[in-house]
Asks: 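Can you read through this structure? Questions will come right after.
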Amino acid sequence: MRASRLFFPTLKEDPAEAEAASHKLSVRAGLVRQLAAGLYIYLPLGLRVLEKINTIIREEMNAIGAQEISMPVLHPAEIWQQTGRYDSIGAEMFRLRDRGGRDMVLGMTHEEIITWLASRELRSYRDLPQVWYQIQTKLRDEARPKSGILRTREFIMKDSYSFDVDEDALDRSYQLHIEAYNRIFTRTGIQYYMVESDPGMMGGATAHEYMAPSPAGEDEVALCGCGYAANLELACSQPDLPGYPEPGLEEVATPEARTIEQVSNFLDIDPALLIKSLLVMAGDEPVLVMIRGDQQLQESKLAHKLGEFRPAGEDEIREHTGAGAGFIGPLSLEIRKIADQSLAGGVFTVGANRDGYHIKGVVPGQDFQAEYHDMRRVKAGEACARCGARLRVERVIEVGNIFKLGTKYSEPLGATYLDQNGREQPIIMGSYGIGPARIAAAAIEQYADEKGIIWPVSIAPFQVHLVLVQPADSQQSAMAEKLNADMMAAGLEVLYDERDISPGAKFADAELLGCPVRVTIGKRAAADGMAEVQIRSGGEECKFELGATAQGVVRLLKELG
RNA sequence: CGGGGCGUAGCGCAGCCUGGUAGCGCGCUUGCUUUGGGAGCAAGAAGUCGGCGGUUCAAAUCCGCCCGCCCCGACCA
């Protein structure tokens, strides 16, 4: 491709609205342009990257026997009503009416639609297993689109769905996806982790997420050298135990000391010796949730126990405890109490349910009763629950997820098959997603330097960036033209920059675009007949005879990829 | 949805406080020169100052309402 013909509007300056490196660079390098909040136009270079990623995904999905289909983006509301999600999802789903007044939705995912299809077409155990996938647009009215292409309202997703006769068969489909996903993410060149994830409201089902480490990510994962890896939504750890004081209840005045920090300073004790009491409302029921003072509540863990909940308001706190926030505690409260496991066996200071007072020497289990569950958010440096080594916590971009769905969709939509005994059984399903744009963004985040993007070979928009320094020089120009033809003949994807602009601008663009290899033809090449080759990552340089350059670059790319 | 910020030429910004001729850098057009790290000189094009309403002799500037975009939080099958 000749740069003079390619539409790639590069920018010298960062766009004002961008924060994340991938956002700044994807706009500056001319990959994308923003249409509105969370809506992006993919320009030629951006689309090439996306298509490369999609090709890798297709190859690996096909390799496990998955079959590509394409489903509509516009769905009748009725199907979503049948699974209950029409009501449970809320504002995140785009809703509209067609001219006949029928309620419709824009698909945020396709479980309902594919299960509708399966319910009509899969009848016998002989038809199973099946894995169907698509690479299709999803629409979600995100509360807050952000970070460029990382979180958008319209995005492409590879979503596949498996249909099996039983849990064992589902395990096999799940395992096949794990293998395909490992190949896909490895081939795209990004760094990633597979972590345990919260299956959400799916009950005991299994779920994993594929996470690309990056400070621009929105999730955090706990990682251990022993292989333990989990989303912080469900990660657990063994907390260090503080030295406990003597038990024995004693009320102490703590005027104006409401926060853990204030109380701990006022009483001059370790925050780990305080209990943080939080009043939440699960529907109409008040629940007191207790966490050690140095810990944080992991709300997703509490949501598993309570379902939907919200923090109690100022008035509700006073109504149920008799005190203001900051002075509440578990003693003599006749409401449901949930305590984090780390409180068992300790001696703590708690709010007295009386403004301006706390109570010391409280022994959970003796002075109050509560349900004990793991409720705290894992912190870096805590001991791994499996092996005891210190946990790392890293921020990550979710690039893929895999779920065992079971019969969550097949039952309400009547997707059943007849088994060998002629009995009707619900199809056991799995659902598996990948966000190609997030892979691209993660690659930018993980490898970019101060000059621009550094693409992994497999997903670079072009493999080679050929720079002709002086197009007006007929000798240089002839060399570059020949080299361009040679490299294309060798099967290389070449971006040939023969534009009549200053050399500095071309080099800067080449570095911004981030193709893995740059080949320069200038006066030095004209003098000695050698093409200069530079690796974008690391900046290593070498020279090839003009005639040997194409093959030399092919070899280099192999080493890099 | 709560909190904060921003909206002036294609892009990045100044001007607003203290009302009176709309400005800078980059980019763009034309010409000449230049050509291995975002060239130089000269000439030029380009703005309903986000929108509507109000105050005023006069509004980019002051006031009100609305819209859009970004950031933090909540949310994220």
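Quantities reported herein were computed from a predicted structural model and do not represent experimental measurements. In what follows, chains are A, B, ... by sequence order, proteins preceding strands, each numbered from 1.
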Asks: Has the side chain of E17(A) got a donor or acceptor atom sitting under 3.5 Å from an opposite partner on the base of rG12(B)?
Replies: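 Counting by modelled atom types and ignoring angles, no donor-acceptor contact under 3.5 Å is found here.
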Asks: Can you tell me how far C1' in rC57(B) sits from the matching atom in rA43(B), rounded to whole Å?
Replies: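 Per the computed distance, 39 Å lies between those C1' atoms.
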Asks: Mind checking the C1' distance from rA58(B) to rG54(B)? Whole angstroms is fine.
Replies: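 Nearest-Å result for rA58(B) against rG54(B) at atom C1': 15 Å.
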Asks: Given that both distances must come in under 3.5 Å, which nucleotide forms a Watson-Crick or G-U wobble pair with rU18(B)?
Replies: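 Per the H-bond distance test, none.
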Asks: How close or far is atom P of rA77(B) from atom NE2 of H75(A), stated in whole angstroms?
Replies: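 Roughly 17 Å, once rounded to whole Å.
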Asks: Using the C1' atom on both, measure rA74(B) against rG3(B) and round to a whole Å.
Replies: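 Going atom to atom, C1' in each nucleotide, I get 11 Å.
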Asks: Starting from C1' on rA77(B), measure out to CG on D87(A) and report it in whole angstrom.
Replies: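 Interatomic distance, CG of D87(A) to C1' of rA77(B): 15 Å.
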Asks: Describe the nucleic acid contact of D141(A) in one word from base, sugar-phosphate, nothing, applying a heavy-atom distance below 4.0 Å.
Replies: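 Nothing, no heavy atom under 4.0 Å.
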Asks: Looking for any heavy atom pair under 4.0 Å, which part of the strands does A37(A) touch: base, sugar-phosphate only, or nothing?
Replies: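 If one applies the 4.0 Å heavy-atom cut-off, A37(A) turns out to touch the sugar-phosphate alone, with no base involved.
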Asks: Using a cut-off of 4.0 Å on non-hydrogen atoms, how would the nucleic acid contact of E92(A) be classed: base, sugar-phosphate, or nothing?
Replies: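 Sugar-phosphate, no base atom in range.
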Asks: Looking at CD of E209(A) and CD of E233(A), how far apart are the two atoms once the value is rounded to the nearest 0.5 Å?
Replies: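 One gets 6.0 Å once the value is rounded to the nearest 0.5 Å.
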Asks: If you assign each of E111(A) and A18(A) to its closest nucleotide in RNA chain B, which residue comes earlier from the 5' end?
Replies: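 Between the two, 5'-proximity favours A18(A).
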Asks: For rU8(B) and rA60(B), measure between their P atoms and round to the nearest Å.
Replies: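 Their P atoms lie roughly 15 Å apart.
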Asks: So what's rA60(B) paired with, Watson-Crick or G-U wobble, going by both distances under 3.5 Å?
Replies: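 Across all strands, not a single nucleotide pairs with rA60(B).
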Asks: Tell me which nucleotide, if any, is Watson-Crick or G-U wobble paired with rG38(B) when both distances must be under 3.5 Å.
Replies: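 Matched rG38(B) with nothing under the 3.5 Å cut-off.
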Asks: L35(A) CG to rG68(B) P: how many Å, rounded?
Replies: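 Going from L35(A) (CG) to rG68(B) (P), I get 13 Å.
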Asks: Expressed as a whole number of angstroms, how long is the span from Q34(A):CD to rG68(B):C1'?
Replies: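 In whole Å, rG68(B) C1' lies 10 Å from Q34(A) CD.
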Asks: Roughly how many Å is it from CZ in R144(A) to P in rG68(B), rounded to a whole number?
Replies: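 Going from R144(A) (CZ) to rG68(B) (P), I get 17 Å.
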Asks: Can you tell me how far the CE atom of M530(A) sits from the OG1 atom of T520(A), to the nearest 0.5 Å?
Replies: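 Answer rounded to 0.5 Å: 13.5 Å.
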Asks: Summarise how protein sits on nucleotides 35-46 of chain B as a single string, 5' to 3': B when a protein heavy atom is under 4.0 Å from the base, S for sugar-phosphate-only contact, - for no contact.
Replies: BBBBS-------
Asks: Please name the nucleotide paired to rG73(B) by Watson-Crick or G-U wobble geometry with both distances under 3.5 Å, or report none.
Replies: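 Partner of rG73(B): rC1(B).
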Asks: Please give me the minimum heavy-atom distance between R518(A) and E511(A), naming the atom from each residue.
Replies: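 It is NH1-OE2, 3.3 Å.
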Asks: At under 4.0 Å between heavy atoms, what does S147(A) touch on the DNA or RNA strands: base, sugar-phosphate, or nothing?
Replies: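 The answer is sugar-phosphate, as S147(A) gets under 4.0 Å only of primed atoms, P, OP1 or OP2.
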Asks: Please report the C-alpha distance between L513(A) and L495(A) in whole Å, then the side-chain angles of each, then the deciding distance to 0.1 Å, and finally whether the side-chain contact (heavy atoms from CB on, under 4.5 Å) criterion is met.
Replies: CA-CA 10 Å; L513(A) 298 193; L495(A) 174 55; 3.7 Å; yes
Asks: Could you report the tightest heavy-atom contact between C515(A) and W455(A), atom names first, then the distance?
Replies: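 Between these two residues, the closest heavy atoms are N-CD1, 4.4 Å.
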Asks: Please give the nucleotide sitting opposite rC13(B) as a Watson-Crick or G-U wobble pair, both distances under 3.5 Å, or none.
Replies: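 The base-pairing partner of rC13(B), which may sit in any strand shown, is rG23(B).
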Asks: How close or far is atom C1' of rC75(B) from atom CD of E299(A), stated in whole angstroms?
Replies: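 Going from E299(A) (CD) to rC75(B) (C1'), I get 11 Å.
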Asks: Between rC1(B) and rC63(B), how far is it from one P atom to the other, in whole Å?
Replies: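 That atom pair is separated by 25 Å.
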Asks: When rounded to the nearest 0.5 angstrom, what is the spacing between CE in M211(A) and CD in E398(A)?
Replies: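 Output value for this atom pair is 5.0 Å.
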Asks: When the P atoms of rG12(B) and rC17(B) are considered, how many whole Å apart are they?
Replies: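 Looking at atom P only, rG12(B) and rC17(B) are 25 Å apart.
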Asks: Say you pick atom P in rG40(B) and the same atom in rG27(B); how far apart are they, in whole Å?
Replies: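 Each nucleotide's P atom is 8 Å from the other's.
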Asks: When we call it a touch if two heavy atoms are under 4.0 Å apart, what does A36(A) touch: a base, just sugar-phosphate, or nothing?
Replies: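 Sugar-phosphate, no base atom in range.
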Asks: Should we count CZ of R97(A) as having more than 12 external heavy atoms under 6.0 Å?
Replies: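 For R97(A), atom CZ is not crowded (no more than 12 foreign heavy atoms under 6.0 Å).
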Asks: Is there a Watson-Crick or G-U wobble partner for rG44(B) with both distances under 3.5 Å, and which nucleotide is it?
Replies: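 rC28(B) - that is the nucleotide pairing with rG44(B), both distances being under 3.5 Å.
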Asks: Using Watson-Crick or G-U wobble geometry with both distances below 3.5 Å, tell me the partner of rG7(B), or none.
Replies: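 Check on rG7(B): paired to rC67(B), both distances under 3.5 Å.
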Asks: Quantified in whole Å, what is the P atom distance between nucleotide rG20(B) and nucleotide rC26(B)?
Replies: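 That atom pair is separated by 28 Å.
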Asks: Find the distance L43(A):CG to rG10(B):C1' and express it as a whole number of Å.
Replies: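 The answer, rounded to whole Å, is 14 Å.
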Asks: In whole Å, I'd like the distance from the CD atom of E19(A) to the C1' atom of rG12(B).
Replies: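 Going from E19(A) (CD) to rG12(B) (C1'), I get 16 Å.
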Asks: Among D497(A), L512(A), V469(A), which residue meets the side chain to side chain contact (heavy atoms under 4.5 Å, CB included) test with F507(A)?
Replies: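 For F507(A), the side chain to side chain contact (heavy atoms under 4.5 Å, CB included) check succeeds only for V469(A).
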Asks: With salt bridge (charged side-chain N to carboxylate O under 4.0 Å, His left out) as the criterion, how do E532(A) and K543(A) come out once you've worked through the C-alpha distance, each side chain's angles and the decisive distance to 0.1 Å?
Replies: CA-CA 5 Å; E532(A) 297 161 84; K543(A) 287 189 167 201; 5.2 Å; no
